[in-house]
Amino acid sequence: MENIDSKIIRSEAGTAGLVLGTVSGAYCFISYGCLGFLSEHMLVNWLLWGAKTFACIYLLAYFIKTIGTHYKGVDVPQARSFGTLVALFSAIITAFCQYAALEWCFPDVFKTAIDTALSSMGGMMDSNSLASIDEALPKLPAFSMGLTLVWCFLFGWIVSSIAAANIYGKKNPFDDKDDDII
């Protein structure tokens, strides 16, 4: 069995991030592709989102656990840095999939949502507000990509910190004092 180092951590994190990003990216395309069906069947939408979230959490914990079985010398800080890199790589892939889905594959999603909102609230808005909404509409896919990147990374970082601590025997995942328990 080989000792773990930073090159191995980056390489393995890239592979794991690709898997997690593919799962989340596929969810983006499925949810926007089936938007008409999913908006009418909210239970199916919530179940699909829950299945994707559970699968990502399970896969992240699985990858953190298996890195310790394949390499010697894995402890909490290395598992945490591995999980953080997995979260970063998967967040980048997920954010790009979100952008691609909204910008190129399903560009009418935001337009339809805003038109629906304006049909119910448009009478309460002045012409300047309506013009600013029309001006912001082309920028929404990029804004959504940025929010997705930040959200997915933070969520993945928190989950990976908790999973690394629990798998490798640490009591408090955010306390650096007991990193060398093992």
Side-chain angles (χ1 to χ4, degrees), residues 9-64 80-163:
I9 289 174
R10 287 191 306 269
S11 175
E12 295 287 333
T15 305
L18 180 64
V19 171
L20 287 174
T22 302
V23 169
S24 292
Y27 170 76
C28 290
F29 285 105
I30 290 169
S31 66
Y32 290 132
C34 302
L35 192 62
F37 174 78
L38 292 176
S39 63
E40 293 174 10
H41 301 89
M42 289 304 291
L43 179 62
V44 174
N45 188 17
W46 280 100
L47 288 175
L48 187 62
W49 177 84
K52 185 261 316 183
T53 303
F54 176 78
C56 287
I57 292 170
Y58 177 79
L59 284 171
L60 184 58
Y62 172 78
F63 287 132
I64 289 172
R80 188 185 307 131
S81 66
F82 170 76
T84 301
L85 286 174
V86 171
L88 178 65
F89 295 150
S90 68
I92 290 169
I93 293 169
T94 303
F96 180 74
C97 288
Q98 175 90 4
Y99 180 78
L102 291 175
E103 183 69 24
W104 300 311
C105 298
F106 309 106
D108 58 337
V109 169
F110 277 129
K111 178 96 172 103
T112 304
I114 289 179
D115 287 344
T116 303
L118 289 178
S119 67
S120 63
M121 296 179 0
M124 295 182 268
M125 301 176 92
D126 62 350
S127 62
N128 290 334
S129 299
L130 294 172
S132 67
I133 290 173
D134 286 337
E135 188 178 306
L137 191 60
K139 299 172 187 167
L140 287 177
F143 182 71
S144 176
M145 180 180 83
L147 284 178
T148 301
L149 178 68
V150 170
W151 161 249
C152 288
F153 173 70
L154 289 177
F155 183 74
W157 173 72
I158 291 169
V159 169
S160 69
S161 294
I162 293 170

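Count residues from 1 along the sequence.
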- Message: Minimum heavy-atom separation for P138 and E103, please, with both atom names.
- Response: O-OE1, 4.4 Å
- Please examine the side chains of F153 and T84, heavy atoms only from C-beta on, and report whether any two atoms are closer than 4.5 Å. yes
- Message: For the CZ atom of F82 and the OG atom of S160, what is their distance to the nearest 0.5 Å?
- Response: 9.5 Å
- Note on the structure: Residues pairing under salt bridge (charged side-chain N to carboxylate O under 4.0 Å, His left out) where one sits in residues 105-116, two or more places apart or in two chains, turn out to be K111-D115
- Message: So which atom in L102 and which in P141 form the shortest heavy-atom distance, rounded to 0.1 Å?
- Response: CB-CB, 4.0 Å
- Fit a plane to each ring of F106 and Y32, take the angle between them on a 0 to 90° scale, and name the class: parallel (under 30°), tilted (30 to 60°) or perpendicular (over 60°). tilted
- Query: Of all residues at least two apart in sequence or in a different chain, which pass the side-chain contact (heavy atoms from CB on, under 4.5 Å) check with L85?
  - Reply: I9, R10, A13, F89
- Looking only at heavy atoms, the pair that brings A16 and V86 closest together is CB-CG2, 3.8 Å
- Query: What is the minimum heavy-atom distance between T94 and G21, and which atoms define it?
  - Reply: OG1-CA, 3.8 Å
- Query: According to the interplanar angle, ranging from 0 to 90°, do the rings of Y62 and Y58 count as parallel (below 30°), tilted (30 to 60°) or perpendicular (above 60°)?
  - Reply: parallel
- Item | Interatomic distance, I57 atom CD1 to I162 atom CD1 [nearest 0.5 angstrom] | 9.5 Å
- Note on the structure: Closest heavy-atom pair, C56 versus V23, reported as atoms and distance to 0.1 Å, is SG-CG1, 3.9 Å
- Message: Less than 6.0 angstrom separating the ring centers of W151 and F155, yes or no?
- Response: yes
- Mind checking the CE-OG spacing from M125 to S132? Nearest 0.5 Å is all I need. 6.5 Å
- Going by heavy atoms in the side chains, are I92 and F96 under 4.5 Å from each other? no
- Message: To the nearest 0.5 Å, what is the distance between CD1 on I93 and OG1 on T22?
- Response: 6.0 Å
- Query: Hey, what do you get for CE (M121) to OG (S129), rounding to the nearest 0.5 Å?
  - Reply: 9.5 Å
- Message: In the structure I gave you, are the side-chain heavy atoms of F29 and C97 within less than 4.5 Å of one another anywhere?
- Response: yes
- Just how far is it from atom SG of C28 to atom NZ of K52, taken to the nearest 0.5 Å? 7.0 Å
- Heavy atoms only: give me the nearest Q98-S144 pair and the separation to one decimal. NE2-OG, 2.9 Å
- Any C152 side-chain heavy atom under 4.5 Å of S24 side chain: no
